[in-house]
Amino acid sequence: SIIAGEEITNRQTLSVTFPYTGEEIGVIYCATNEDVEKAINNAHEVFETTMKSMPAYERSNILRKAADILEDRSEDFVKVLALEAGKPLRDGRGELKRAVQVLRFASEGAKQIYGEQIPLDSAVGGEKQLGFSKRVPLGVVAAITPFNFPVNLALHKIAPAIAAGNTIVLKPAEKTPFTIGLLYKVFEEAGLPSGALNIVMGLGSEIGERLVTHPKVKKVTFTGSGPVGWHINQLAAKKKVTLELGSN
């Protein structure tokens with residue numbers, strides 16, 4: 001886990017194995033519910049003090065730099081994907097190409113978040129009046145991602161959240177944590193403020209509920225199985241929720 005820019009290591013460990021042989025390739029240190037609390041509080045603080053007031057061009061620049069760094073280091077990611085996900089090198093390269101594109105799409109999108117003009121004179125009493133809407137960031141986004149496309153699907157959540165000025169607490173699949181560690185370093189080098197992205201490792205059954213029900217989390221986004229997704233939807237009933245379920 002990485003919280004407020006610091007790696008948390010003195011926790012219970014969980015083995016990560018190579019899918020084809022079952023050989024251990026490393027371990028992760030599982031976050032506790034207290035760690036989740038700390039990660040969310042830190043993300044909320046960074047949102048209030050930094051991200052929500054960061055101008056669009058800065059958010060765009062961070063995402064563009066992250067895309068360039070990720071493109072340069074694609075082969076490092078591909079090798080780790082092969083180990084932790086058992087993904088063929090060819091397929092790993094395909095995932096990384098898509099991941100770089102996602103960052104560049106988000107970089108462009110950061111500068112195109114528009115409101116709209118509202119014609120108030122369509123109602124009686126609205127003569128000579130003008131209304132407008134403005135889009136503002138939500139705050140802390142909780143993101144839960146699966147093992148099959150660990151880099152790309154994490155970026156499907158992280159990149160748009162940053163583009164819009166939010167902060168993120170990410171819980172990646174416990175089977176594929178190491179590419180996420182590499183991805184964190186990419187964002188760090190690209191200039192993302194410490195705490196704008198916090199990562200909590202471990203089992204969803206142990207920390208997932210606290211993550212999605214915390215009052216400072218304003219949106220939950222999940223990719224995974226139908227039963228788990230609909231359960232999350234119930235837990236986060238009063239929040240904005242995006243679900244990508246059952247291979248759809």
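Numbering starts at 1 and runs along the sequence shown.
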Inset, instruction - Under the side-chain contact (heavy atoms from CB on, under 4.5 Å) rule, what do Ile232 and Val220 come out as? Steps first, then yes or no, please. - result: CA-CA 8 Å; Ile232 286 173; Val220 177; 3.8 Å; yes

Got a second to check how far [X]'s [atom1] is from [Y]'s [atom2], nearest 0.5 Å?
| X | Y | atom1 | atom2 | value |
| --- | --- | --- | --- | --- |
| Leu245 | Phe222 | CG | CZ | 6.5 Å |
| Leu130 | Leu120 | CG | CG | 6.5 Å |
| Met54 | Met51 | CE | CE | 5.0 Å |
| Ile62 | Tyr57 | CD1 | OH | 10.5 Å |
| Ser60 | Ile162 | OG | CD1 | 11.5 Å |
| Leu197 | Asn42 | CG | CG | 10.5 Å |

Side chains of [X] and [Y]: does their closest heavy-atom pair fall under 4.5 Å?
| X | Y | answer |
| --- | --- | --- |
| Cys30 | Leu203 | no |
| Lys219 | Thr242 | yes |
| Ile199 | Ile180 | yes |
| Val140 | Asn166 | no |

If you take all heavy atoms of [X] and [Y], which pair is closest and at what distance?
| X | Y | answer |
| --- | --- | --- |
| Pro177 | Ile28 | CG-CG2, 3.3 Å |
| Ala190 | Ala66 | CB-N, 3.6 Å |
| Val46 | Ser194 | CG2-O, 3.4 Å |
| Ser133 | Ile118 | N-CD1, 4.2 Å |
| Ala31 | Ile207 | O-CG2, 3.4 Å |
| Ala236 | Val212 | CB-O, 3.7 Å |

Is the backbone of [Y] close enough, under 3.5 Å, to the side chain of [X] for a donor and an acceptor to pair up by distance?
| X | Y | answer |
| --- | --- | --- |
| Gln117 | Gly131 | no |
| Asn41 | Glu37 | yes |
| Thr176 | Ala85 | no |
| Thr167 | Ala196 | no |
| Glu127 | Gly125 | yes |
| Thr213 | Glu209 | yes |
| Ser107 | Leu103 | no |
| Lys239 | Val217 | yes |

Connected via hydrophobic side-chain network under 4.5 Å: [X] and [Y]:
| X | Y | value |
| --- | --- | --- |
| Val78 | Leu183 | yes |
| Phe187 | Val80 | yes |
| Ile158 | Met201 | yes |
| Leu155 | Tyr184 | yes |
| Ile168 | Phe149 | no |

Show me the donor-acceptor pairs within less than 3.5 Å that the side chains of residues 67-74 make with the rest of the protein, sequence neighbours left out.
unit_1	atom_1	unit_2	atom_2	d
Asp68	OD1	Arg104	NH2	2.9
Glu71	OE1	Arg104	NH2	2.9
Arg73	NH1	Glu189	OE2	3.1
Arg73	NH2	Glu189	OE1	2.6
Arg73	NH2	Glu189	OE2	3.0
Ser74	OG	Leu70	O	3.0
Ser74	OG	Glu71	O	3.2

Review item, side-chain donor-acceptor pairs of residues 87-100, under 3.5 Å, at least two apart:
unit_1	atom_1	unit_2	atom_2	d
Lys87	NZ	Glu95	OE1	2.6
Lys87	NZ	Asn148	O	2.7
Arg93	NE	Glu75	OE2	2.7
Arg93	NH2	Glu75	OE1	3.1
Glu95	OE2	Val151	N	2.9
Glu95	OE2	Asn152	N	3.0

Inset, instruction - Please report the C-alpha distance between Phe47 and Leu138 in whole Å, then the side-chain angles of each, then the deciding distance to 0.1 Å, and finally whether the side-chain contact (heavy atoms from CB on, under 4.5 Å) criterion is met. - result: CA-CA 9 Å; Phe47 171 71; Leu138 289 168; over 6 Å; no

Inset, instruction - Establish, from distance only, whether the side-chain atoms of Lys171 and Thr145 form a donor-acceptor pair under 3.5 Å. - result: no

Listed pairs under 3.5 Å, donor-acceptor, residues 4-17 side chains, sequence neighbours left out:
unit_1	atom_1	unit_2	atom_2	d
Arg11	NE	Asp35	OD2	2.8
Arg11	NH2	Asp35	OD1	2.9
Ser15	OG	Glu24	OE1	2.8

Inset, instruction - Before giving the answer on side-chain contact (heavy atoms from CB on, under 4.5 Å), spell out for Leu170 and Lys157 the whole-Å C-alpha distance, their side-chain angles and the decisive distance to 0.1 Å. - result: CA-CA 9 Å; Leu170 171 69; Lys157 304 179 187 310; 5.5 Å; no

Inset, instruction - May I ask you to check whether over 12 heavy atoms, not counting those of Gln112, lie within 6.0 Å of atom CD? - result: yes

Legend entry - Flag if over 12 foreign heavy atoms under 6.0 Å of OH, Tyr29: no

Legend entry - side-chain contact (heavy atoms from CB on, under 4.5 Å) assessment of Ile144 paired with Thr221: CA-CA 6 Å; Ile144 302 172; Thr221 171; over 6 Å; no

Inset, instruction - Show your working on side-chain hydrogen bond (donor to acceptor under 3.5 Å, both in side chains) between Thr179 and Glu84 and close with a plain yes or no. - result: CA-CA 8 Å; Thr179 43; Glu84 65 180 12; 2.6 Å; yes

